[in-house]
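Worksheet: the structure to be examined is printed underneath.
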Amino acid sequence: MVESKFELWFNLFERAWKVRVIENEHLMYPCFIEFLSGMNNTVRYIYSGEYKKTHLCSLKIQASGTGKGVGDKLVADCLNALGYKATKLSNFTEAGIVGSLRTAKPGEQPIVVYGELKDKSFIWIDEARQLFVGNAWSQGLLEVLNGYLDDGTVYKRLAQGEISYPSSCVIGTGTFFFDKLKQNLLNTGFFQRTLVTYKDYTKDDVVRISGKYDSLVDNDYLKDFK
């Protein structure tokens, strides 16, 4: 039986996964979809009479030290190796992700300074807790992201004017479970617009997995990855 292209890509991705990631098999499939989504930015489907893009963003909820960010790093490395633009954001702002407006002189039309969503295929946010803490900054960014996940358009209204542009960027992120997460997820609308995974780990699990990652320190990642 001849392998389909989908199966061929998955087998290659699974081999790369086994080089980099300890356990966390449940994350391999959402990360694979992130990987495909980052490459295929022109594929669309029709839903409710409108064209929708197939890119799928994900939120992974599990304890720190269990390797949830390693999968997204693998996706970023794969895409960068294939010539796509992927980046990691540690400290992120609305201006950095969405963009901002600048005016050189009073009376002139503002110039759009685009954020990372403009030309990136994949953005990896290692810790997304800041998005869900409920302050005015995070709510403003979530509103923009929710609109983008709906129709593929990044839009932000500012005092000087508006920022509006299409994007095909895929967002992969994760966080640990904290008290306000469930309430904030349901209230923001981010929950139904992304693929959310959750897995509970004991303290012994965290210690075991962290120890296994220590054993990979001497691996030649570049050689194995190629």
Side-chain angles (χ1 to χ4, degrees), residues 3-40 54-82 84 86-92 121-132 169-182 184-185 190-226:
E3 266 188 332
S4 68
K5 290 184 178 180
F6 186 90
E7 291 170 326
L8 175 62
W9 277 112
F10 178 76
N11 289 336
L12 288 170
F13 187 82
E14 185 177 26
R15 287 169 59 189
W17 185 272
K18 290 179 179 178
V19 170
R20 291 284 191 90
V21 187
I22 296 295
E23 299 189 23
N24 282 292
E25 286 81 5
H26 65 290
L27 296 181
M28 179 169 58
Y29 300 99
C31 285
F32 176 62
I33 297 300
E34 288 177 350
F35 170 62
L36 289 186
S37 300
M39 291 193 296
N40 297 302
T54 58
H55 63 277
L56 180 66
C57 302
S58 72
L59 171 65
K60 307 159 191 71
I61 304 170
Q62 57 191 62
S64 298
T66 55
K68 61 182 178 297
V70 182
D72 283 333
K73 185 179 188 305
L74 174 64
V75 173
D77 287 346
C78 286
L79 290 172
N80 281 323
L82 292 170
Y84 296 89
T87 189
K88 175 187 176 182
L89 296 179
S90 298
N91 297 314
F92 52 98
S121 299
F122 180 70
I123 289 176
W124 166 35
I125 302 174
D126 191 28
E127 176 51 63
R129 186 178 185 278
Q130 295 179 60
L131 279 176
F132 306 113
C169 182
V170 177
I171 302 170
T173 187
T175 188
F176 58 92
F177 186 84
F178 54 94
D179 290 340
K180 291 185 178 180
L181 179 61
K182 182 177 180 181
N184 290 350
L185 268 178
F190 195 75
F191 179 84
Q192 62 263 38
R193 291 176 173 88
T194 59
L195 175 62
V196 179
T197 62
Y198 172 77
K199 188 169 183 179
D200 193 19
Y201 288 88
T202 66
K203 292 181 179 179
D204 290 339
D205 291 332
V206 175
V207 173
R208 185 189 74 254
I209 294 172
S210 297
K212 287 185 177 181
Y213 275 110
D214 290 341
S215 68
L216 300 180
V217 69
D218 294 325
N219 282 12
D220 187 338
Y221 280 128
L222 183 60
K223 179 181 176 181
D224 290 343
F225 184 64
K226 287 182 178 180

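The shortest heavy-atom contact between Ile209 and Thr66 is CG2-O, 3.7 Å. Considering every non-hydrogen atom in both Val170 and Gly38, the closest pair reads CG2-N, 3.8 Å. Of all heavy-atom pairs between Asp72 and Gly172, the closest is OD2-C, 3.4 Å. The shortest non-hydrogen separation linking Cys169 to Ile123 is SG-CG1, 3.5 Å. When every heavy atom of Ser64 is checked against every heavy atom of Val206, the shortest pair comes out as O-CG1, 3.6 Å. Contact record, Ala86 with Leu79: CB-CB, 4.3 Å, taken as the closest heavy-atom pair.
Taking the side chain to side chain donor-acceptor pair (under 3.5 Å) definition, one finds that Asp200 meets it with nothing, sequence neighbours left out. Every residue meeting the side-chain contact (heavy atoms from CB on, under 4.5 Å) condition with Leu82, not counting sequence neighbours, appears here in chain and number order: Trp9, Phe35, Met39, Tyr84. Residues satisfying the side-chain contact (heavy atoms from CB on, under 4.5 Å) criterion with Lys199, sequence neighbours excluded, are His26, Gln62, Tyr201. For Tyr29, the ring-ring contact (aromatic ring centres under 6.0 Å, His included) partners at least two apart in sequence or on another chain are Phe10. Shown here are the side chain to side chain donor-acceptor pair (under 3.5 Å) partners of Arg208, two or more places apart in sequence or in another chain: Glu23, Asp205.
Atom OG of Ser37 sits about 12.0 Å away from atom CD1 of Ile171, to the nearest 0.5 Å. With values rounded to the nearest 0.5 angstrom, Ile125 atom CD1 is found 10.0 Å from Leu59 atom CG. Residue Thr173 holds its OG1 atom at 11.0 Å from NZ of Lys88, rounded to the nearest 0.5 Å. How far CZ of Arg20 is from SG of Cys78: 7.5 Å, rounded to the nearest 0.5 Å.
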When you look at Glu14 and Met28, which way does the side-chain contact (heavy atoms from CB on, under 4.5 Å) test go after all the steps?
CA-CA 8 Å; Glu14 185 177 26; Met28 179 169 58; 3.7 Å; yes

Full working for side-chain contact (heavy atoms from CB on, under 4.5 Å) between Phe13 and Leu36:
CA-CA 10 Å; Phe13 187 82; Leu36 289 186; over 6 Å; no

Set out, in order, the CA-CA distance, both residues' side-chain angles and the distance that settles side-chain contact (heavy atoms from CB on, under 4.5 Å) for Val75 and Trp124, then state yes or no.
CA-CA 9 Å; Val75 173; Trp124 166 35; over 6 Å; no

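Sorted by first and then second residue, the salt bridge (charged side-chain N to carboxylate O under 4.0 Å, His left out) pairs with a member in residues 27-39 read Glu34-Lys60; sequence neighbours excluded.
For the side chain to side chain contact (heavy atoms under 4.5 Å, CB included) criterion with Val70, the lone passing option out of Leu27, Ile22, Asn24, Val21 is Val21.
Residues Pro30 and Thr197 have side chains in contact (heavy-atom distance under 4.5 Å, counting atoms from C-beta outward).
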